Number of protein chains: 4
Amino acid sequence: MRKETGLVIAKGTSDAAAGAPRRGRPRSVETTHAILESAYTLMAATGLAATTIDAVARHSNVSKMTIYKWWPSREALLIDAFLHHAAQMLPLPPTSAGTQAARARRHAAAYAEALQGEFGKVQLAVISECISKTGSAELFYARYLQFRRDALVEMIASGQRDGSIQADAPAEDLYDAIYGSLFYRYVFGIAPITPAYARSLVDLVLRPKG
Amino acid sequence: MRKETGLVIAKGTSDAAAGAPRRGRPRSVETTHAILESAYTLMAATGLAATTIDAVARHSNVSKMTIYKWWPSREALLIDAFLHHAAQMLPLPPTSAGTQAARARRHAAAYAEALQGEFGKVQLAVISECISKTGSAELFYARYLQFRRDALVEMIASGQRDGSIQADAPAEDLYDAIYGSLFYRYVFGIAPITPAYARSLVDLVLRPKG
Amino acid sequence: MRKETGLVIAKGTSDAAAGAPRRGRPRSVETTHAILESAYTLMAATGLAATTIDAVARHSNVSKMTIYKWWPSREALLIDAFLHHAAQMLPLPPTSAGTQAARARRHAAAYAEALQGEFGKVQLAVISECISKTGSAELFYARYLQFRRDALVEMIASGQRDGSIQADAPAEDLYDAIYGSLFYRYVFGIAPITPAYARSLVDLVLRPKG
Amino acid sequence: MRKETGLVIAKGTSDAAAGAPRRGRPRSVETTHAILESAYTLMAATGLAATTIDAVARHSNVSKMTIYKWWPSREALLIDAFLHHAAQMLPLPPTSAGTQAARARRHAAAYAEALQGEFGKVQLAVISECISKTGSAELFYARYLQFRRDALVEMIASGQRDGSIQADAPAEDLYDAIYGSLFYRYVFGIAPITPAYARSLVDLVLRPKG
DNA sequence: AGTTAAGCGAGACGGTACGTCTCGTCTTTTA
DNA sequence: TAAAAGACGAGACGTACCGTCTCGCTTAACT
């Protein structure tokens, strides 16, 4: 089992666990945690714009130098802070009972649920920061989304193979139609993203049997 | 009848055209244009982060005061600058020949085409700026997207009524599935947004007859 | 009797009274007064720094253009506003009874008295403004002080001739020693300028007989 | 024993020298010097009005923040810049040979000499700035003048005690009569302040024996 | 036990944008 | 033609954050 899914940008964190006991004073784990917690807290509480490096340093009682030492940029820190919290929050697609269509329905509903809380707000802020700095959210995709999307695409494909999902378009397209819809509505505030809507959307796109 | 579609944030722009000849020196049209053109040019050329109010003032030879007088915030200016250009670029859905499904297909393809150029880049930057400052892109939706979405939703509904579109979900959901997919893929850089993909997506979601 | 002692800088004021009935709308006397009154009021009430052209325009309900039309600069306006009020307030040296020394003593005491009120504050502000803009207060001297100094110097000289003033230095030097002392103490806030101090100073410098 | 005579406004300057080795990066001495030198240079060269914080920052290659960090206001900086230069330029009253009256004569002549150069111009500008901002030049007095005045007053009093100065008024009054005269003439540009005039003034006021 | 390498907090610093302010000029309409 | 109304360019104001830099103290591994 992997402890980290390769998502962490900060240098050194994994090295510490691995092999060679480095010379000098080892990196303080509490400090790293304090930074990430503070970053997440500030993002959630005061919004993205107010989550400056200075503010994180103040809130966590850590010097700016220490932050700059381990994270190359603001978006890197924000992504790490998001992952630090989100990893547990929105688990990978459930392997639980039911048809693949039912599982897809459950996952979409859970995601819709999560979007309505703090998670949605912070996620969007992080994505926005990536876009602002790099022109797109590819970094966020690579570090967080891709893994989840791949898993769900595979789930849909499997449903197509066993006949429980009747839509015959590429599974990627089906996934994007579902989660793209949810994301689109969320970003533009078109309507509240309810679990019910998520479920109806899955049925609309996947056309499950029965 | 108003010429503008309610998209302009800057105060007074529309009042000037309408009725009462105001007292005092009238607002300079060239100045307004210079500001908007400069803002768009800078957004496209140097990116959103470099498109500061100071930079726009420098580039357009306009004083900062004048900009702050007519636009309450940076995002307001950026949206206006975007609209100023985009209005012509991505016209409303065509009223041209063919079934409603064919017209929807054409519009989606045109949008996909546009996304690949400068337009897509700038649009995304503006949306991201809105999110950064206000927490969501509702402002962008209200000033730009809503009008277009409403028109296309009506087109889809009309296709459903005359039977050329077989999908029987609410037209809004169908629209969001199409354009949400395009947006999602674009934001996360999942794949190039080709006109072909846009057309296949329309067929997948709307299930046109024949 | 002279109405104005040639102190006014603003153009046109005297033309209005004199001869030729000019073409077009005549200059409004109330406007001129309103400007000067407002300028003085603001100087006394809010201090010199807050007495901007904009503030005067606002307070007097006169357009900025009108002020700029008649006064070439801020200090010109401030001097005029000061003269407008001060001319009556601190009259020329009294021609009343007593020896020249007694009259000098009385005038110095009256000046000391005046310095302690609003007059002192405004006068100093105007002088300071002249220095800030032109490097010295020569303009203030030429328009206000010189006339008064000349009169008093002559009074002292007359006292020297008739023997009531024993000091034998040039009368200018004696005048400057008295009023320079008062001014110096006032500017640097060394001590309150009391009439008693002014009188003792006159006696110290002039050494009157008896 | 402190080297400085309490004239410096900038915080921390003296603390650095004293005792406790402070934490963090120590304040840069070159930076402080560059700021003061630039401020003085600009005052002398371009006048007080042009000596803005921005201009000082540009000229000294120092960030505005750094200036604002150490000086609370423009006048504070200007006074410090003046003191920085003036301290050497116009030394305290000489302890050299001769009677007290002769020494007073020499000091007055030296002051008159200095007034005619750049020093007089800058000094007056600083005083004017104090008046503009605070209503009087008490700040300038407290930080610069008082110390010198006290020393000279004591010198005059000593001359009175040993009989070399015959004037029997309070020594403060005598000092103010001399330096007030010089200041008055200088401010209003009544006449050039020559060393000869200064010496004759000392004789007029102090009436030295012989 | 002493040395050495790195972690870390405190805080100075140059740079740059922020949003506000006043100045003095300019351009209209109204009287 | 005077005056009011108000747009405008210029540029200083004081603040904030950025990312870099010196310091000096602390902590552990290595000698």
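Side-chain atoms are counted along with the backbone in the values below, which use heavy atoms only and exclude waters and symmetry mates. Keep in mind the model is a prediction, meaning the values are calculated, not measured. Chain A is the first sequence line, chain B the second, and so forth, proteins listed ahead of strands; every chain is numbered from 1.
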- Task: Could you tell me whether the side chain of His84(B) reaches within less than 4.5 Å of the side chain of His33(B), counting heavy atoms only?
- Result: yes

- Between dT22(E) (P) and Leu48(C) (CG): distance, integer Å: 14 Å

- Along DNA chain E (nearest heavy atom to each residue), the more 5'-positioned of Thr31(A) and Arg25(B): Thr31(A)

- Atom CD of Glu75(C) and atom C1' of dG24(E) are separated, to the nearest Å, by 14 Å

- What closest approach, in Å, do Ala44(A) and Lys121(A) show between heavy atoms, and which atom pair accounts for it? O-NZ, 2.8 Å

- Message: Taking 4.0 Å as the cut-off, does a side-chain nitrogen or oxygen of Thr66(D) come that near to OP1 or OP2 on dG14(E)?
- Response: yes

- Task: Find which nucleotide of DNA chain F each of Met65(A) and Ser63(B) is nearest to by heavy atoms, and output the residue with the more 5' nucleotide.
- Result: Ser63(B)

- Query: How close or far is atom P of dC18(F) from atom CG of Leu77(A), stated in whole angstroms?
  - Reply: 11 Å

- Item | Lys64(B) vs dG19(E): side-chain N/O to OP1/OP2 distance below 4.0 Å | no

- Query: Starting at NE2 of His59(A) and ending at P of dC17(F), how long is that distance when rounded to a whole Å?
  - Reply: 15 Å

- Query: What's the CZ-P distance between Arg74(C) and dC23(E), to the nearest Å?
  - Reply: 7 Å

- Short side-chain N/O contact to dA3(F) OP1/OP2 from Trp70(C), under 4.0 Å: yes

- Query: Between dC18(E), dA4(F), dC23(E), which nucleotide has the shortest distance from any of its atoms to the side chain of Val62(C)?
  - Reply: dA4(F)

- Under 4.5 Å between any side-chain heavy atoms of Leu78(C) and Leu48(C), yes or no? yes

- Rounding to a whole Å, what distance do you find between Asp54(C):CG and dA7(F):C1'? 13 Å

- Pro26(B) or Ala50(B), whichever maps to the more 5' nucleotide of DNA chain E: Ala50(B)

- Task: Measure from NZ or CZ of Arg27(B) to the centre of the six-membered ring of Trp71(B) and say whether it is under 6.0 Å with the direction within 45° of the ring axis.
- Result: yes

- Start at the 5' end of DNA chain F and walk down; is the nucleotide closest to Asn61(C) or to Arg58(A) reached first? Asn61(C)

- So which nucleotide from dG19(F), dT22(E), dC18(E) ends up closest to the side chain of Thr52(C)? dT22(E)

- Under 4.0 Å between a side-chain N/O of Lys69(A) and OP1 or OP2 of dC8(E), yes or no? no

- Message: So, OP1 or OP2 of dT27(E): does either fall under 4.0 Å of a side-chain N or O from Ser28(B)?
- Response: no

- Can you check the Ile67(A) CD1 to dC17(F) C1' distance for me, whole Å? 13 Å

- Query: What is the distance from CG of Leu42(B) to P of dA17(E), rounded to the nearest Å?
  - Reply: 11 Å

- Query: Hey, does the side chain of Arg27(B) come within less than 4.0 Å of dT27(E)'s phosphate (OP1/OP2), counting only N and O?
  - Reply: no

- Is the closest side-chain heavy-atom distance between Cys130(A) and Ile79(A) below 4.5 Å? yes

